[in-house]
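Just so you know, residue 1 is the first one in the sequence shown, and it goes up from there.
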Amino acid sequence: MRKVISQLRQYKKDTFLCIGLTAFEVVMEILLPFITAKIIDEGLQAGNMPAIYRYGALMIVMAFFSLFFGATAGKFAASASSGLSANLREAIYANIQTFSFSNIDKFSVPGLVTRMTTDITNVQNAFMMVIRVAVRAPLNLIFSFLMCLLINIHLSMMFLIAVVFLVIVLGTIMTVTMKIFNQVFTKYDDLNASVQENISAIRVVKAFVREGYENTKFSKASGNLYRLSVKAEGLLAFNNPAMMIAVYFCIISVSWLGAQFIVGGSLTTGDLTSLFSYIMSLLMSLMMLSMVVVMISMSMASIRRISEVLDETPDLHDPEQPVMEVADGSIDFNHVNFSYKHGSGKNALSDIDLHIRSGETIGVIGGTGSGKSSLVNLICRLYDVDDGSVCVGGTDVRRYDMEALRNQVSVVLQKNTLFSGTILDNLRWGNPDATEEECIEACRAACADEFIDRMPDGYHTRIERGGANVSGGQKQRLCIARALLKKPKVLILDDSTSAVDTATDAKIRAAFAERIPGTTKIIIAQRISSVEGADRILVLDEGRINGFDTHENLLRTNAIYQEIYESQVKGGGDFDQPA
């Protein structure tokens, strides 16, 4: 709770102003029934018109002040609650940016989306209710009860019985529903996951005619959410019957006993009238408190989920005195062991001892799950090793400032991502200060200029979200150009030419040799033609080095490389390459 409330920051003033104005509003409302009793007793029953006018004018003034205080408090409540939700979203988003890949792996994407939308909206609504209703209702209740005590102590004891009854009922309901709401928000994650997966892969769903299956999966997730929501709301529905029991009990008991006190002369008609007003005010305060209980029940589960993200600390940290310069593109793996879950005993890489000279072109090949992507993720320190060390430029990557390291190790990942904006906007992710001429030069090296020149607006053509208006091969070439703009000392292509034809692939590799000869290039590929021209080729098998030599030597000595080569050559070569 403290972690969430600390995000109020600049909206603390609005919060306290709302609470103060709400208190003044309550004071005005509490005094109105008291003035009403004066009008009845000193004005109507005594036939004193000046007293009626005097007290009537006072009531109008007090009602005006109550309205003013209430409206202003509502404005400050809206400002404080909306400000809290805005700060929470910014804090969560900013913290996510600091996460390493291992941190992100702990939270599903739909789960993070739910936290930043549904959960924060629940907290916003609950906070607004707390600083308005949860301040107004207790003050109203206390002041109403004090006024009742001033009028008649014996009748006031009826309220205590009702209050004890409601506290027991509402406390029980809150305890049970909080557990259910914890499950409800987990089901929201499942529902969002189903929606996100379906929409992002809608083309595949259509191509395989799987709409019915997806509808069934969504209905199941929606049904689970429905059943839990009905269970929680069904319990909360007992609030109103419990409240009505308390209301009718108070009305009947006060009417019965009040009539006897009036007959006995110890209570006036005006006092009984104001007592009924205070009864309704007191019971309405209890009704509002029951609504607060419901909102708090829902928001507590949300607060815990939000705090999980805010409390998460990055697994990777910069050292106290980080190295800011990468000397060269040399890479050394010194007996490295790595697993995605430390201590699990399931290594993605085992005893990797590998030494690459600066400026070398290294091919990496191996079967699915052999550890190719895991290997290159360690070079730019997206993960940390379990044992051993990874050095770039002769320095352990853990000693570098991470931003300085990643600016010199440029990675084109398997999943190519483009963002909404022009082609130039996307290219300048590699270098925000790059000129248009530098962008064009990088696109020539990546063979992207040939399709960009055919576009109506050239480099100013707008890319739709996710690169929906370009092909897979075009997207890959734009991502390679973006990486080249960083002018890195190490360039990693993680199967990032798989969607281009072999002729274009060869042009890209030739351009690399000509334009960035001093850059260390690591090319992960599935086809032999993409790596056979490399200085050396690394063969991985089940997370271990199976071979590391030139194309010719591996053909003579390495069984796995021979098998891959034979299967591709005897199969007729690549789809656009003659046998």
Side-chain angles (χ1 to χ4, degrees), residues 94 97-98 101 318 322-331 358-359 361 376-377 379-382 392-393 395 397 400-453 455 457-467 469-470 473-494 496-497 500 504 507-524:
Q97 302 308 306
T98 68
F101 278 24
D318 285 329
V323 177
M324 302 302 293
E325 293 291 333
V326 179
D328 55 46
S330 62
I331 301 169
S358 182
T361 298
V376 296
N377 283 342
I379 297 173
C380 50
R381 205 188 171 199
L382 295 177
V392 175
T395 302
V397 294
Y400 282 111
D401 174 84
M402 282 188 283
E403 187 174 335
L405 173 66
R406 290 169 187 171
N407 275 330
Q408 293 301 321
V409 180
S410 197
V411 185
V412 184
L413 297 169
Q414 278 180 316
K415 186 176 181 181
N416 300 286
T417 302
L418 296 176
F419 300 88
S420 302
T422 64
I423 289 176
L424 282 175
D425 291 336
N426 275 276
L427 292 172
R428 284 177 177 142
W429 273 66
N431 179 4
D433 301 319
T435 64
E436 189 166 339
E437 289 72 24
E438 287 175 321
C439 293
I440 293 171
E441 191 67 21
C443 287
R444 286 197 187 113
C447 296
D449 58 322
E450 59 187 45
F451 70 84
I452 295 174
D453 291 337
M455 291 181 167
D457 297 320
Y459 287 82
H460 298 279
T461 300
R462 183 166 181 81
I463 298 293
E464 301 299 332
R465 185 172 65 86
N469 58 333
V470 291
Q474 291 171 342
K475 192 186 297 184
Q476 283 187 338
R477 282 178 275 177
L478 286 173
C479 290
I480 292 170
R482 181 173 66 189
L484 289 174
L485 275 173
K486 294 180 75 171
K487 298 177 182 176
K489 289 186 169 64
V490 178
L491 175 65
I492 299 170
L493 304 180
D494 188 355
S496 52
T497 58
V500 301
T504 303
K507 288 181 185 177
I508 293 172
R509 285 183 279 111
F512 286 170
E514 179 185 342
R515 295 172 190 269
I516 49 172
T519 298
T520 303
K521 297 165 282 291
I522 299 177
I523 302 170
I524 297 176

[X]: what forms a salt bridge (Lys or Arg N to Asp or Glu O under 4.0 Å) with it, not counting sequence neighbours?
X	value
Arg444	Glu441
Glu450	Arg477
Arg509	Asp505
Lys475	none

Taking every non-hydrogen atom, the tightest pair across [X] and [Y]:
X	Y	result
Leu427	Ala481	CD2-CB, 3.8 Å
Cys439	Leu485	SG-CD1, 3.9 Å
Cys479	Leu418	SG-CD2, 4.0 Å
Cys447	Lys507	SG-CB, 3.4 Å
His460	Thr422	O-CG2, 3.6 Å
Met402	Arg381	CG-NH1, 3.8 Å

Task: Any residue meeting side chain to side chain contact (heavy atoms under 4.5 Å, CB included) with Thr395, in chain and number order, not counting sequence neighbours - done: Val323, Arg399, Tyr400
TODO: Please indicate whether Glu325 has more than 12 foreign heavy atoms, meaning atoms of other residues, nucleotides or ligands, lying under 6.0 Å from its CD.
DONE: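 No, because the 6.0 Å sphere around CD of Glu325 holds 12 heavy atoms or fewer from other groups.
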Working to the nearest 0.5 angstrom, can you tell me the gap between [X] [atom1] and [Y] [atom2]?
X	Y	atom1	atom2	result
Leu484	Leu491	CG	CG	5.5 Å
Asp328	Thr519	CG	OG1	11.0 Å
Asp318	Asp401	CG	CG	4.5 Å
Tyr459	Ile423	OH	CD1	8.0 Å
Trp429	Leu478	CH2	CG	14.5 Å
Ile452	Gln474	CD1	CD	9.0 Å

Task: Val411 vs Leu382 side-chain heavy atoms within contact, under 4.5 Å - done: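 Side-chain contact under 4.5 Å: no.
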Task: Note, Arg462 side chain near Ser420 side chain (heavy atom, < 4.5 Å) - done: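 Yes, side chains in contact.
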TODO: Apply the side-chain contact (heavy atoms from CB on, under 4.5 Å) test between Ile492 and each candidate in Asn377, Thr520, Val409, Val412; give the one that qualifies.
DONE: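 The option that passes is Val409.
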Open item on the list: Per the salt bridge (charged side-chain N to carboxylate O under 4.0 Å, His left out) rule, what does the pair list look like for residues 419-437, sequence neighbours excluded?
Closed with: none
N/O donor-acceptor pair under 3.5 Å between [X] side chain and [Y] backbone:
X	Y	answer
Lys487	Asn431	no
Lys521	Ile516	yes
Ser330	Ser358	no

